[in-house]
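Here the structure comes first, spelled out in structure tokens, and everything after it is commentary.
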Amino acid sequence: MATLKAVRGTRDLLPPETALWNRIEAIARSVFARYNFGEIRTPVFEDTSLFARGVGEETDIVSKEMYTWEDRARAQSEKPQSLTLRPENTAGVVRAYIEHKLGETGQLQKLYYIGPQFRRERPQKGRYRQFWQIGAEVIGPPSAGSESPLRDAEVLEMLAKLLKELRISGWTLELNSVGSAADRARYNEVLRAALEPVAPKMCADCQRRAVTNPLRVLDCKVPEDQPIIETLPKIADCLDEDSKKHFAAVTAALDAAGVPYHLNPRLVRGLDYYTRTTFEFTHGGLGAQNALLGGGRYDGLSESIGGPKAPGIGFAIGLDRLVLTLQAQDQTVLDTIYVDTPCAAYIAPLGEAQNASALALASDLRKRELRVEVGDGTFRLKKSFEIANKLASRIVILGEDEEKSGILTVKNFVTGVQSKVPREELAAVLKKPAAELEG
RNA sequence: GCGGCUAUAGUUCAGCGGCAGAACGCCUGACUGUGGCUCAGGAUGUCGUGGGUUCGAUCCCCACUAGCCGCCCCA
């Protein structure tokens with residue numbers, strides 16, 4: 001029988017790498033807490049129509065990347081429900097916001113999530129079919145200030161802080177405004193019209209995009225097309241006064257907060273729900289998948305899935321890509337984040353007769369918050385030393401003599417010093433840094 | 001979904017149409033309670049899977065699967 005493997009595009013995360021993941025998540029939770037965000041956990045699958053209506057029927061995500069299946073019908077007369085593994089988490093959060101009537105609290109909701117998302121794309125480095133996102137949303141009724149450009153700036157400033165605490169440098173904040181839904185629709189027509197005469201001179205992809213999705217033409221990377229793209233109308237010229245004012249307030253707040261950004265009038269994001277402020281933090285060294293995180297404002301999302309008016313802004317960080325970026329950085333930088341603590345002690349019983357008391361000793365030390373490993377009495381002492389040397393900073397020898405006298409033999413691998421330690425003093429000795437000489 | 005490259009030991013990789021290799025790691029070293037550095041031995045394996053060509057295939061051909069790179073798109 002063929003050996004079973006993780007399915008394409010999915011993978012196992014093993015120690016010690018998981019320690020790094022945990023560390024990153026802990027830092028994120030800590031930053032979110034300071035900005036007064038609370039955690040939300042939504043189901044990993046939802047009714048398919050949530051994504052179709054929320055994310056947008058025409059987006060790549062919905063049209064070709066979702067894991068969708070039909071649930072069993074509850075009764076024969078019923079139609080089976082179509083379910084989908086979430087391809088992103090914003091729609092689920094907004095659905096929960098509506099379902100639990102969080103808007104009725106009158107308060108701004110600040111929610112973050114950490115969890116797996118699913119998209120059936122061709123796997124690559126930094127792109128998996130089950131991938132992890134850390135994201136946050138600020139959403140609420142307009143009366144709670146959910147539309148304020150201050151919220152946009154606060155979210156961006158928080159992201160800059162988070163990246164700093166994660167020791168990630170060299171990122172670029174690409175910033176743009178795609179205007180209101182109406183602005184966007186208007187721009188689409190203007191762009192389509194402007195493209196008509198020039199598209200035949202462009203690359204094959206652009207000729208196709210000019211018809212199917214004009215906004216994507218702006219993203220084209222073919223050098224020959226760049227001069228033509230430069231001449232195309234910019235979305236900024238199609239923004240109404242409110243959108244312009246809103247965006248100006250966002251950039252002003254960023255300037256005041258000292259968050260550097262790069263205005264990118266060609267930044268187009270692939271989800272239909274984005275309005276006004278959109279952004280992306282990119283990082284070199286990620287290859288073709290250079291987006292570390294992306295997000296933006298979604299003032300009409302709630303209404304598009306049948307909820308009340310609830311403007312919001314949010315982002316999603318690609319956790320897999322964050323880890324890749326971190327691992328590509330200087331090892332010393334990595335060490336400050338990923339702390340691989342060795343065991344304080346390896347307890348070596350000298351015979352099977354000592355196994356039970358070795359376990360009891362370990363239990364006692366663990367109660368005192370020490371990380372401890374226990375060997376086995378069938379191991380020869382030489383072998384115990386070899387194992388201990390690999391994973392602990394000290395070895396504690398427990399033979400017949402030690403068991404009778406209660407005086408344990410402790411050898412420190414850092415200093416090379418071997419000493420006798422009464423059992424009741426052991427925990428205190430092990431808590432001292434191994435580099436310190438002990439009596 | 002399309003194109004290119006790749007798949008050999010636990011890991012990183014070399015290799016050749018005729019008995020499978022290196023480095024690191026692992027195991028064992030005068031059976032008694034002492035590791036790290038050396039030294040001496042030892043084991044690595046369905047050569048990704050399934051077909052085909054051949055006297056003979058890990059090697060050549062085809063298909064499949066998976067990974068990587070690019071496109072598309074995105075986190």
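Heavy atoms only: backbone and side chains are in, while hydrogens, waters and symmetry mates are out. In what follows, chains are A, B, ... by sequence order, proteins preceding strands, each numbered from 1.
- Closest to the A/Arg321 side chain, of the nucleotides B/C71, B/A66, B/A75, is B/A75.
- Contact check on A/Glu88 versus A/Arg86 returns no salt bridge, with no Lys/Arg side-chain nitrogen under 4.0 Å from an Asp/Glu carboxylate oxygen.
- Considering only the side chain of A/Lys125, B/C69 comes nearest among B/U28, B/C69, B/G33.
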At under 4.0 Å between heavy atoms, how does the protein contact nucleotides 3-11 of chain B? Give one character per nucleotide, 5' to 3', with B, S or -. BB-------
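- Not a single donor-acceptor contact under 3.5 angstrom links the side-chain atoms of A/Lys390 to the base of B/G35.
- Proximity note for A/Arg119 (side chain, C-beta onward) versus B/G35, B/A75, B/U34: the nearest is B/A75.
- At the heavy-atom level, A/Ala388 lies nowhere under 4.0 Å from the strands shown.
- Rounded to a whole Å, the CZ atom of A/Phe379 is 16 Å from the C1' atom of B/U34.
- Taking 4.0 Å as the cut-off between side-chain N and carboxylate O, A/Lys64 and A/Glu121 do not count as a salt-bridged pair.
- Summarising the base pairing, B/U34 is matched to no nucleotide, lacking a Watson-Crick or G-U wobble pair whose two defining distances lie under 3.5 Å.
- Note: A/Phe32 and A/Tyr112 have tilted aromatic rings, judged against thresholds of 30 and 60 degrees for the angle between ring planes.
- When rounded to the nearest whole Å, the span between NZ of A/Lys420 and P of B/G33 equals 14 Å.
- Comparing B/U34, B/C27, B/A75 by their nearest atom to the side chain of A/Gln133 picks out B/A75.
- Minimum atom distance to the side chain of A/Arg127 is reached by B/C71, of the listed B/C71, B/G35, B/C68.
- Of the nucleotides present, B/C64 is the one that pairs with B/G48 by Watson-Crick or G-U wobble criteria, both distances under 3.5 Å.
- The A/Ala291 side chain lies nearest to B/A75 when the options are B/U34, B/A75, B/G35.
- Look at B/C19: it lacks any Watson-Crick or wobble partner with both distances under 3.5 angstrom.
- A donor-acceptor contact under 3.5 angstrom links the side-chain atoms of A/Asn389 to the base of B/G35.
- Comparing B/U28, B/A75, B/G35 against the side chain of A/Lys383 picks out B/U28 as the nearest.
- For the pair A/Ile168 CD1 and B/A75 P, the interatomic distance rounds to 17 Å; values are reported in whole Å.
- Comparing B/G33, B/C31, B/G67 against the side chain of A/Arg8 picks out B/G67 as the nearest.
- Using a 4.0 Å cut-off between a side-chain N of Lys or Arg and a carboxylate O of Asp or Glu, A/Asp47 and A/Arg53 do not qualify as a salt bridge.
- By the 5.5 Å and 30° criteria, A/Phe131 is stacked with the base of B/A75.
- With rounding to whole Å, A/Leu324 atom CG is found 9 Å from B/C69 atom P.
- Across all strands, A/Thr409 comes closer than 4.0 Å to base atoms (heavy-atom distances).
- If you check distances only, the side chain of A/Gln418 never reaches the base of B/G33 with a donor-acceptor pair under 3.5 Å.
- The nucleotide whose nearest atom lies closest to any side-chain atom of A/Arg380 is, among B/G35, B/A75, B/C31, B/C31.
- In this entry the base of B/G70 is anti relative to its sugar, with a glycosidic angle more than 90° from 0.
- Side-chain N/O atoms of A/Ser30 and A/Arg34 include a donor and acceptor closer than 3.5 Å.
- For the pair A/Arg120 CZ and B/C2 P, the computed distance is 11 Å after rounding to whole Å.
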